[in-house]
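To start, the structure itself, in structure tokens.
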Amino acid sequence: MTFPWPIAALPRPHNDDRRRTYRERWRERSDAGVVREMEADSAGAALLDTVFGNSPFLSEQMLSDPAFTALLWRQGPDAAIAAVQDAIATPSSDTMSLRASLRRAKRRVALVTAVADIAGIWPLARVTQTLSGFAEQALRLAADRALLDLDALGQLRLGGDPAAAGLTVLGMGKLGAGELNYSSDIDLIVLYDRELPAVAGDDGLGAKMVRATRALVGTMGEITADGYVFRTDLRLRPDPGSTPLAISTIAAETYYESVGQNWERAAMIKARPVAGNIAVGDAFLRILRPYVWRKHLDFAAIHDIHSIKRQIDAHRGTGAVKIAGHNVKLGRGGIREIEFFVQTQQLIYGGRNAALRVRGTIEGLHALAAAGLIEHKVAHELADCYGFLRRVEHRLQMVDDKQTHVLPADDTGFAAIATFMGYDGPEAFAAELLRTFRTVEGHYAQLFEDAPSLAAPGAGNLVFTGTDADPETLTTLTDLGFRQTSVAWEIISRWHHGRYRATQTARARELLTELKPALLKALAATVDPDQALLRFDTLLANLPAGVQLFSLFKLNPSLLDLVARIMGSAPRIANHLARRPILLDSVLSTDFLAALPDADALAADLGRVLDGASDEQDLLDFARRWTNDRRFQVGVHLLTGAVGPRDAARAYSDVATAVVSQLAARVEALFAGQHGGFDGPRMAVVAMGKLGSREMTATSDLDLMFVYDVPAGMDQSDGARPLAPTQYYTRLSQRILNALTVQTNDGALYEVDMRLRPSGNAGPIASSLAAFDAYQVDQAWTWEHMALCRARVVAGPAAIRGRVEAGIAGTLRRRRDPDKLLRDVADMRARVATHRPPKGPWDFKLVRGGLFDVDFVVQYLCLRHGAEHPAILHPDPLDALAALTRAGLIDGGHAARLSQAYRLFTDLQGLMRLALDGPEADFDAATAPEGLRRLLIKAAGAAHIDDLKRQVIHAAEKAYEVFVEIIEKPAAALPPPAAQESST
């Protein structure tokens with residue numbers, strides 16, 4: 001007598017053609033007696049037709065194992081599953097045979113549970129418990145085998161007892177709750193207790209446990225000719241991005257109690273030891289009980305739990321209730337909403353009510369109702385919905401053994417599932433689905449729909465919980481302006497895992513969570529949001545603690561905005577702040593944005609700092625710290641608009657002047673301690689270029705010359721190790737250069753360019769004053785005298801400085817052949833235009849009408865008229881233009897055009913060099929971040945970026961007209977040099 005199959009409960013075959021095809025194959029492959037017996041039996045024939053007409057996967061299972069199919073038909077699912085369990089009850093002696101037997105058993109378990117489910121013989125709980133029980137049995141066998149293999153290799157000493165290794169496997173999610181679905185992954189956490197006697201003192205234990213875990217995963221999930229057992233997922237372990245596959249119980253306890261996130265607490269509700277040393281797993285969960293079940297819970301933590309569900313909505317794009325193509329697990333009104341309905345209330349109330357600490361979803365619903373937390377009617381309705389949706393989920397997965405939860409989007413596919421579910425047509429099935437989804441959604445909404453928004457102000461979701469990046473959050477980050485959104489998600493998720501000292505406390509992470517929307521919005525508004533986030537991440541990594549700073553950000557949103565602007569708009573000062581977060585204290589001081597000190601005050605302040613140096617290394621470190629801190633302050637002033645670009649340029653220059661002056665004097669004193677001197681300090685440092693004209697930017701280097709003046713008759717210094725003057729000042733100059741350029745732990749000061757010294761790179765590093773004067777008279781080119789227009793003596797004893805300044809002034813006031821001067825200037829500019837053409841309108845130096853052209857006009861006029869009008873000689877080109885105008889040496893309109901262009905270009909250049917890592921010539925207005933564009937537009941008083949570009953082009957055109965008028969046209973009208981010489 002065969003098992004009494006309930007024929008009426010079996011769904012009819014949906015695809016009759018497929019049913020006939022499989023029946024033919026069944027007759028060809030099966031024993032003739034079995035075929036005749038099953039087909040002659042009405043229950044047997046109905047069972048074959050149901051499977052063959054609805055599920056290709058189950059059909060193939062029957063065809064591949066007809067003897068077991070016959071056993072299932074004759075004796076029923078209880079006897080069939082017992083036979084499967086008996087077949088694997090005896091452990092295999094080797095891994096390969098174990099893998100084969102488990103895969104064969106899995107196929108049979110899949111067939112039994114499917115048929116028992118389809119026929120309605122087993123309730124849902126029996127189906128899921130059978131699947132979960134087999135997964136546990138397989139895991140136990142696989143774990144034991146992996147450990148015994150290590151024992152056989154002599155890597156462990158277990159005495160034949162795998163439990164002695166102390167390895168435990170926690171089943172998470174549906175496995176932990178005994179609720180596996182038909183095609184589930186199994187979520188695992190693998191731990192080990194390194195204190196057990198068999199493994200205590202084993203320094204390599206961690207690597208061995210990882211090796212065992214890999215073997216376990218391979219046994220379960222590797223696809224072979226026999227198929228697979230279960231796909232495994234280990235990403236629920238503590239901080240999976242940085243921890244090994246197996247971790248010690250001590251490490252796991254420390255993680256959860258210090259930096260564990262709320263979604264991980266929710267996951268631990270279902271955790272259960274399923275393989276390995278069960279006692280170790282139970283002990284671990286007992287220790288973790290206060291972490292999971294808190295008597296006093298901050299309701300803000302519940303919003304964090306709720307964010308996981310919101311993340312799932314975003315991930316699947318299933319925000320609305322629908323039927324075709326709807327996700328019955330993750331969509332609105334789906335299985336996950338029922339699970340979260342239970343879990344969130346368990347987290348809230350389970351700390352005070354132990355009866356709520358159950359793993360199963362149905363048990364949880366009834367426990368909530370028994371505790372009076374939900375109505376019994378609600379519990380029963382949700383339990384019914386849960387059972388229905390799980391059966392739908394199983395049918396979807398039984399068709400082709402795919403891990404899917406999505407209803408077919410096409411009519412044919414949907415009708416097939418409706419038939420498989422036992423409905424006469426798709427309409428009735430759709431109506432039942434819609435009723436179920438709306439019931440679940442309604443109950444879920446009462447708990448969560450009024451929860452605080454997880455969205456950024458004016459943006460979309462910003463959710464950083466769970467193990468996978470939330471696609472809607474990635475979209476939000478893209479909309480905000482981030483380009484490397486996956487990297488951004490990983491960085492912010494890293495903060496929540498407490499990888500940095502600043503984020504290790506729960507309070508710090510809570511504050512940071514509250515700040516995230518404002519922080520990301522502020523970073524996104526900067527020049528380069530991705531780099532800004534990376535620099536902010538570096539800042540966090542270097543902070544000793546986070547609560548104080550995050551509290552300050554919360555109380556002072558302007559400070560958060562300022563730090564974000566620094567991170568995204570000023571790479572150099574951002575890097576300095578990241579290395580020295582203590583500077584944030586100075587930013588908060590009341591005088592940080594007060595007027596910047598003048599040059600004398602800066603020099604005096606640096607002098608006091610350097611007075612504390614005990615040796616030359618201290619001298620270098622203190623100078624760097626002071627200089628970089630001051631440059632940081634100037635950069636912040638410029639970013640915030642506390643000073644304009646021109647005032648910032650003077651401040652940058654004054655800082656450089658102070659450090660050059662102080663280091664030169666102190667290095668010379670140290671050098672004199674070894675080699676003596678020539679009746680005291682005798683060397684001056686001459687600044688050229690932007691330092692000379694006090695127009696430095698955040699990235700300017702230093703153009704320097706060293707000039708010394710030794711009294712007549714002193715052939716060597718008067719120290720213990722005397723040196724001749726040339727050797728003395730060459731070595732001293734090199735020491736000063738090293739002091740300015742060498743990299744120390746506190747960074748660098750400046751790059752130094754010496755090419756403007758007499759004879760350039762071919763000349764001596766330091767020149768005597770007599771040689772300097774003689775060179776300027778006899779050998780210097782016109783361009784060298786033009787460069788000398790910006791010269792300013794910045795260091796040295798007063799008497800020497802005075803003599804050097806007089807020598808420079810004498811050179812600039814020389815009478816010159818005006819035609820030769822004009823021809824030289826025009827020729828030089830033409831050569832520059834030929835060999836270094838501008839890249840575009842933002843190439844402020846080289847564009848026609850740009851900084852070079854203005855400089856050439858000013859320097860030409862100063863050299864031409866300096867003899868008769870010495871008052872026009874100013875290192876600053878704008879000051880020189882004003883003096884030229886007062887002296888009547890340039891038309892007022894021409895001077896205004898040059899001044900306007902020069903001021904506009906230097907202002908924009910100063911901001912760009914603060915904000916950009918590359919040259920301003922590469923600036924692209926169309927793709928530039930909005931933060932930088934706003935900065936430039938505001939500085940120029942433009943309406944928008946296109947208006948600014950028009951201003952730049954117009955200013956250059958007008959300045960170039962002046963250049964043509966003053967230099968190009970007159971130079972072109974000059975007779976050739978030879979004709980001019982013969983005529984004179």
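Side chains are part of it too, since the values below use all heavy atoms of this structure and drop only hydrogens, waters and symmetry mates.
A 6.0 Å sphere centred on NE2 of His954 holds no more than 12 heavy atoms belonging to other residues, nucleotides or ligands.
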(Q) Quick one, Asp879 with Arg792, criterion salt bridge (charged side-chain N to carboxylate O under 4.0 Å, His left out). Give me CA distance, side-chain angles, the key distance, then yes/no. (A) CA-CA 14 Å; Asp879 290 344; Arg792 181 168 62 95; over 6 Å; no

Q | Arg897 vs Glu965, salt bridge (charged side-chain N to carboxylate O under 4.0 Å, His left out): CA-CA, chis, key distance, verdict | A | CA-CA 12 Å; Arg897 291 184 191 180; Glu965 188 72 23; over 6 Å; no

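No hydrogens or angles considered: a donor-acceptor pair under 3.5 Å links the side chains of Ser700 and Thr697. Side-chain contact check for Trp626 and Asp605: at least one donor-acceptor pair (N or O, by modelled atom type) lies under 3.5 Å. Looking at Arg816 and Thr782, their side chains never bring a donor and an acceptor atom within 3.5 Å of each other. No hydrogens or angles considered: a donor-acceptor pair under 3.5 Å links the side chains of Gln633 and Arg630.
Side-chain contact between Asp703 and Arg790 is absent, with no heavy atoms from C-beta onward closer than 4.5 Å.
Separating the CD1 atom in Ile937 from the CG atom in Leu908 is a distance of 10.5 Å, to the nearest 0.5 Å. Asp654 contributes atom CG, which lies 10.5 Å from atom CG of Asp647 (distance to the nearest 0.5 angstrom). Remark: Met828 CE to Arg823 CZ distance equals 12.5 Å, nearest 0.5 Å.
Using cut-offs of 30° and 60° for the angle between ring planes, the Trp842 and Phe923 rings count as perpendicular. Aromatic ring orientation, Phe856 versus Phe852: parallel (interplanar angle below 30°, classes split at 30° and 60°).
Tyr750 carries Arg631 over the face of its six-membered ring, with the cationic atom under 6.0 Å from the centre and within 45° of the normal.
Looking at every heavy atom in both residues, Ala795 comes nearest to Arg801 through O-CG, 3.8 Å.
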